[in-house]
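Just so you know, these numbers come straight off a predicted model, no measurement behind them. Numbers for residues simply follow the sequence, beginning at 1.
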Amino acid sequence: MSRTTNEINKITGAIIAISSRLIIFALVVMLLYEGVTRGYDFGHEIFYASAVEQKPGQDKNITVEKGASAARVARLLKGSGLIANEYSFIIQAEFFDYKVNPGIYTFNTSMTSKEILQMMNDNTEEKKDKQ
């Protein structure tokens with residue numbers, strides 16, 4: 001190879017190396033941005049829950065079986081269109097120490113997941129026995 005060809009190969013190699021580093025850097029920045037925005041949205045949903053629909057919404061009857069876990073109830077509520085994210089519901093139940101008590105409930109799609117959890121938490125067998 002001639003000297004000119006070697007110099008062209010070096011310059012081309014340097015350009016390719018710099019370009020690939022820039023592409024990797026851009027991908028890392030995009031992934032970080034996506035992770036931060038999704039993390040923020042998820043945290044916002046946990047601490048500032050919003051309803052699936054605006055008022056007046058739709059009433060939906062849900063039966064929670066005895067011994068049902070928060071995860072099972074979350075799947076039931078998500079399937080019924082009452083909550084948007086089942087994972088934030090589970091974390092809210094755990095973080096805010098809500099209990100998922102069995103019963104037949106009428107929830108509205110304009111209720112937040114925290115309101116739903118509060119309603120299930122307040123429904124205890126002791127209250128039923130007193131009435």
> Is there a side chain to side chain contact (heavy atoms under 4.5 Å, CB included) between Met120 and Lys99 once you walk through the steps?
Replying inline: CA-CA 7 Å; Met120 283 193 276; Lys99 304 292 183 243; over 6 Å; no

Reported [atom1]-to-[atom2] distance for the pair [X] and [Y], which is rounded to 0.5 angstrom:
{"X": "Gln54", "Y": "Ser110", "atom1": "CD", "atom2": "OG", "answer": "8.5 Å"}
{"X": "Asp97", "Y": "Leu117", "atom1": "CG", "atom2": "CG", "answer": "11.0 Å"}
{"X": "Leu77", "Y": "Asn85", "atom1": "CG", "atom2": "CG", "answer": "12.0 Å"}
{"X": "Leu27", "Y": "Leu22", "atom1": "CG", "atom2": "CG", "answer": "11.0 Å"}
{"X": "Ser88", "Y": "Lys78", "atom1": "OG", "atom2": "NZ", "answer": "9.5 Å"}

> Can Tyr98 and Gln92 be counted as having a side-chain donor-acceptor contact under 3.5 angstrom?
Replying inline: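 Checked: Tyr98/Gln92 side chains show no N/O donor-acceptor pair below 3.5 Å.
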
> Going by atom types alone, do Asn61 and Tyr105 pair a side-chain donor with an acceptor below 3.5 Å?
Replying inline: no

> Are Asp59 and Phe107 close enough that some pair of their side-chain heavy atoms sits under 4.5 Å apart?
Replying inline: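 With C-beta onward as the side chain, the pair stays apart.
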
Please answer whether the main-chain N or O of [Y] pairs with a side-chain N or O of [X] as donor and acceptor at a distance below 3.5 Å.
{"X": "Thr109", "Y": "Gly57", "value": "no"}
{"X": "Lys60", "Y": "Gly81", "value": "no"}
{"X": "Thr37", "Y": "Glu34", "value": "yes"}
{"X": "Asn123", "Y": "Pro102", "value": "yes"}

> Just wondering, more than 12 heavy atoms not from Glu7 lying within 6.0 Å of its CD?
Replying inline: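 Result for CD/Glu7: enclosed.
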
> Do the ring centers of Phe95 and Phe47 come within less than 6.0 Å of each other?
Replying inline: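 Between Phe95 and Phe47, the centre distance is under 6.0 Å.
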
>> For Arg72 versus Ala68, what's the shortest heavy-atom pair and its separation?
In response: CD-CB, 4.4 Å

> For Ala74 and Phe89, which heavy atoms make the closest approach, and how far apart are they?
Replying inline: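 For Ala74 and Phe89, the tightest heavy-atom pair comes out as CB-CD2, 3.5 Å.
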
>> Given Leu82, which partner from the list Asn108, Ile62, Leu76, Thr112 fulfils the side-chain contact (heavy atoms from CB on, under 4.5 Å) test?
In response: Ile62

>> Grouping I, L, V, M, F, W and Y whenever their side-chain heavy atoms are under 4.5 Å apart, do Ile46 and Val73 come out in a common cluster?
In response: yes

>> For residues Met111 and Tyr48: do they belong to one hydrophobic cluster (side chain heavy atoms under 4.5 Å, members Ile, Leu, Val, Met, Phe, Trp, Tyr)?
In response: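 Looking at the clustering, Tyr48 is in the same group as Met111.
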
> Is the NZ or CZ atom of Lys114 positioned over Phe96's six-membered ring, under 6.0 angstrom from the centre and within 45° of the axis?
Replying inline: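 Flagged: Lys114 positioned over aromatic ring of Phe96.
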
